[in-house]
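Encoded as structure tokens, the structure appears first; notes follow it.
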Amino acid sequence: MSEQTYAPHRSRVVAGLLALFFGCLGLHKFYLGYFGAGLMMMGMSLVLGILSFGISAGAMAVIGIVEGVIYLTRTPEDFEMLYVRDRREWF
């Protein structure tokens, strides 16, 4: 019997809205199970955002908006295949 890894269902709408509204904090990454990427985005926004006077937080916000638009424009099947099953972390 072959073992399949369990990939929980994740809503592309929830992930897209989290990316649009809280993208600079990486909450959409945490929702999708990408804890390393989520921590990186949060650290870039909070720690480096203070040191760079908000420039890195702005960059993370732009990345979040781009990812949110990408998530929301994908079909549910494509989103499930790319970001849940194949575990594609970026774009």
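The basis for the numbers below is simple: all heavy atoms, side chains too, and nothing from hydrogens, waters or symmetry mates.
Placement of Phe30 and Val14 within a single hydrophobic cluster is found when ILVMFWY residues are connected by side-chain heavy-atom separations under 4.5 Å, directly or transitively. Residues Met40 and Val66 are members of one and the same hydrophobic cluster, defined by side-chain heavy-atom contacts under 4.5 angstrom among Ile, Leu, Val, Met, Phe, Trp and Tyr. In this structure, Phe35 is a member of the same hydrophobic cluster as Leu25, with clusters built from ILVMFWY side-chain heavy atoms closer than 4.5 Å. Side-chain heavy atoms closer than 4.5 Å link hydrophobic residues (I, L, V, M, F, W, Y) into clusters, and following such links, possibly through other members, connects Val69 to Ile63.
Interatomic distance, CG of Leu18 versus CG of Leu32, reported as 8.5 Å (0.5 Å rounding).
Judged by distance alone, with hydrogens and angles left aside, the side-chain atoms of Tyr83 form no donor-acceptor pair with the main-chain N or O of Ala15 at under 3.5 Å. Using modelled atom types, no side-chain atom of Arg12 and backbone atom of Thr75 make a donor-acceptor pair closer than 3.5 Å.
Smallest separation of non-hydrogen atoms from Asp86 and Leu82: CB-O, 3.6 Å. Between Met42 and Leu27 the shortest heavy-atom distance is CE-CD2, 4.4 Å.
Here Glu80 does not pair with Arg10 in a salt bridge; the nearest charged N to carboxylate O distance is not below 4.0 Å.
Side-chain contact between Tyr34 and His28: absent, with no pair of heavy atoms (C-beta onward) separated by less than 4.5 Å.
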Contacts under 3.5 angstrom, residues 43-51 side chains, donor-acceptor by atom type, not counting sequence neighbours:
| residue | atom | partner | partner atom | Å |
| --- | --- | --- | --- | --- |
| Ser45 | OG | Cys24 | O | 2.3 |
| Ser45 | OG | Met41 | O | 3.1 |

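Below 30°, between 30° and 60°, or above 60°: for Phe79 and Tyr71 the angle between ring planes is above 60°, a perpendicular geometry.
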